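Below you'll find the structure, written out as structure tokens, and then a few comments.
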Amino acid sequence: MRIALPVNSKDIKSELCPSFGRAPYFLIYDTTDKSMVFLDNPATRSTGGAGIRAAQMLIDQSVKVIIAPRYGENAARVLIDGGIRVYKNIAGTAEENIGAYENNQLNVLADIHPGFHHHGNK
Amino acid sequence: MGINKKIVVLSGKGGTGKTLISVNLAAADGNSYYVDCDVEEPNGHLYFKPQILEEKTVSVLIPEVNNDLCTGCKECVDFCKFNALAFGKKVILFKEICHSCGGCALVCPVNAITEIEKTIGLINIGISENVRTVGGIMNTGEASGIPIIKNILEYIKDKSGYIFIDCPPGSACIVMETIKDADYCILVAEPTIFGAHNLEMVHQLVELCNKPYGVVLNKCTDGPNPSEDFCKEKNIEIIGRIPFDSELGELNSNGKIAVRENYKNNELFYSLLNKVKEVSR
């Protein structure tokens, strides 16, 4: 099964990027063969809808699980439709987060960030 | 049809005096049009208090997907540069992100996408004494007021007389749309460094759009005026000056039209109107 994590650099020791849609890279880790690959996030160049674009890319990459600090409501709509589960990260590196996931130590990320698009009108 | 002169009043920042000037020029001229293109925060109606004669809704087209026909090829998702479409198990549309380009319907190989109307706001046409008013208002949460401005400009396209257009602040897309058909642009500027900085931005815009223009210096005092310095440096014509005056400020903040209150015997705005007519000829 493929797991994705938004990361700041192409390194298993990278911290997770607090932004889902604008993360520079996604680390894709495959639990079956322990392989990993770093993908450039195409959404960093988007003027809008970055969370949607990033979520779409991960669906297209057959990812089933995401570990992230937070994600927005637009990304959530796409990920839910794509049947992807999102877990809240723990402090530490991507590697430590993958370990925590494999030991069932992560919680489902329930709160969806309303985003910064509405400037407090919500 | 008589003359049709579209005079657009713009400024790089809000609160500079666009509404003061466009409202008073329209009132001074009479038999004119006052057009409020600041569809995100219209306020010209607070001065004119027009009797509304007509309202029209403004719609844009957004896609609607027939999931029975959709094969999940994602051509539409790949095409949308605004990321308004995604595909999980079916096509997901983000209506507020869609820019109504229609591209998704064109690229769909199985014609599963049709376009349907979505209301985004309205335009209203009214009258206040001898001034006709046209305004628009965008519904909260919509991405762009441009379709509303297009509707307003279409309405006034062949009306006769002087048409004073109150522009949204700034120098972004919505301002470019508003000045597209302008015959003359009035740039309003304050005597502050912020005022001069924002004047520089709208100045670049009207130069880029090849529009004839002049500057009105508002809130003038005896002190330094960075906006005036900028005009001198760039050789920009100053077509009028409005003093920093508490009587005018009070009329304006009470929603009164200075021209209709006979402010200072109406010399200020009538002479500005004559100057505008002369330079826009």
Side-chain angles (χ1 to χ4, degrees), chain A residues 1-4 6 19-24 26 39-66 68 71-86 108-109 112-122, chain B residues 14 39-41 60 62-68 70-101 103-104 107-108 112-113 120-121 137-147 168-170 172-174 176:
Chain A
M1 189 181 61
R2 286 157 73 80
I3 304 174
S19 170
F20 174 76
R22 301 281 176 187
F26 281 98
L39 297 176
D40 290 347
N41 179 8
T44 56
R45 292 185 301 274
S46 300
T47 51
I52 298 167
R53 180 84 185 85
Q56 184 69 56
M57 194 265 286
L58 298 178
I59 288 175
D60 295 346
Q61 288 289 327
S62 309
V63 163
K64 294 291 172 228
V65 166
I66 292 170
Y71 66 138
E73 57 190 4
N74 288 350
R77 257 183 79 192
V78 181
L79 295 174
I80 290 166
D81 193 68
I84 294 180
R85 275 168 298 145
V86 184
V108 168
L109 179 50
I112 293 164
H113 195 266
F116 296 110
H117 310 298
H118 304 294
H119 306 286
N121 289 341
K122 295 225 143 235
Chain B
V39 298
E40 294 182 24
E41 292 158 323
V60 293
I62 59 166
E64 187 176 61
V65 181
N66 181 337
N67 287 314
D68 295 336
C70 177
T71 60
C73 73
K74 302 185 196 175
E75 290 275 344
C76 55
V77 174
D78 291 340
F79 181 84
C80 184
K81 290 294 169 280
F82 299 103
N83 302 322
L85 293 169
F87 189 94
K89 293 189 176 61
K90 60 182 188 313
V91 175
I92 305 164
L93 167 67
F94 293 87
K95 287 180 192 172
E96 66 288 354
I97 296 176
C98 176
H99 282 55
S100 304
C101 76
C104 52
V107 299
C108 179
I113 300 180
I120 60 158
I137 185 153
M138 178 166 85
N139 294 345
T140 305
E142 291 303 335
S144 168
I146 287 177
C173 300
I174 198 161
M176 294 178 68

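So you know, we letter chains A, B, ... as the sequences are listed, proteins then strands, and number each from 1. Values in this document were obtained by computation on a predicted structure and should not be read as measured data.
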Which bit of A:Ala55 comes within less than 4.5 Å of chain B, counting heavy atoms only: side chain, backbone, both or neither?
neither

With only heavy atoms counted, which part of B:Lys74 is less than 4.5 Å from chain A, the side chain, the backbone, both or neither?
side chain

Are the side chains of B:Glu96 and A:Asn74 in touch, meaning some heavy atoms are under 4.5 Å apart?
yes

Just wondering, more than 12 heavy atoms not from B:Glu41 lying within 6.0 Å of its CD?
no

Return the minimal non-hydrogen interatomic distance between B:Phe87 and A:Gln56, and the atom names on each side.
N-OE1, 2.5 Å

Contact winner vs chain B - A:Ala43, A:Gly51, A:Gly82, heavy-atom pairs under 4.5 Å:
A:Gly82

For the student: nearest non-hydrogen atoms of B:Ile97 and A:Gly49, plus distance:
CD1-CA, 4.3 Å

Taking A:Arg77 for the side chain and B:Leu93 for the main chain, is one N or O donor matched with an acceptor at less than 3.5 Å?
yes

Which heavy-atom pair separates A:Ala50 from B:Asn83 by the least distance, and what is that distance?
N-ND2, 4.3 Å

Does any non-hydrogen side-chain atom of B:Phe94 lie less than 4.5 Å from one of A:Val78?
yes

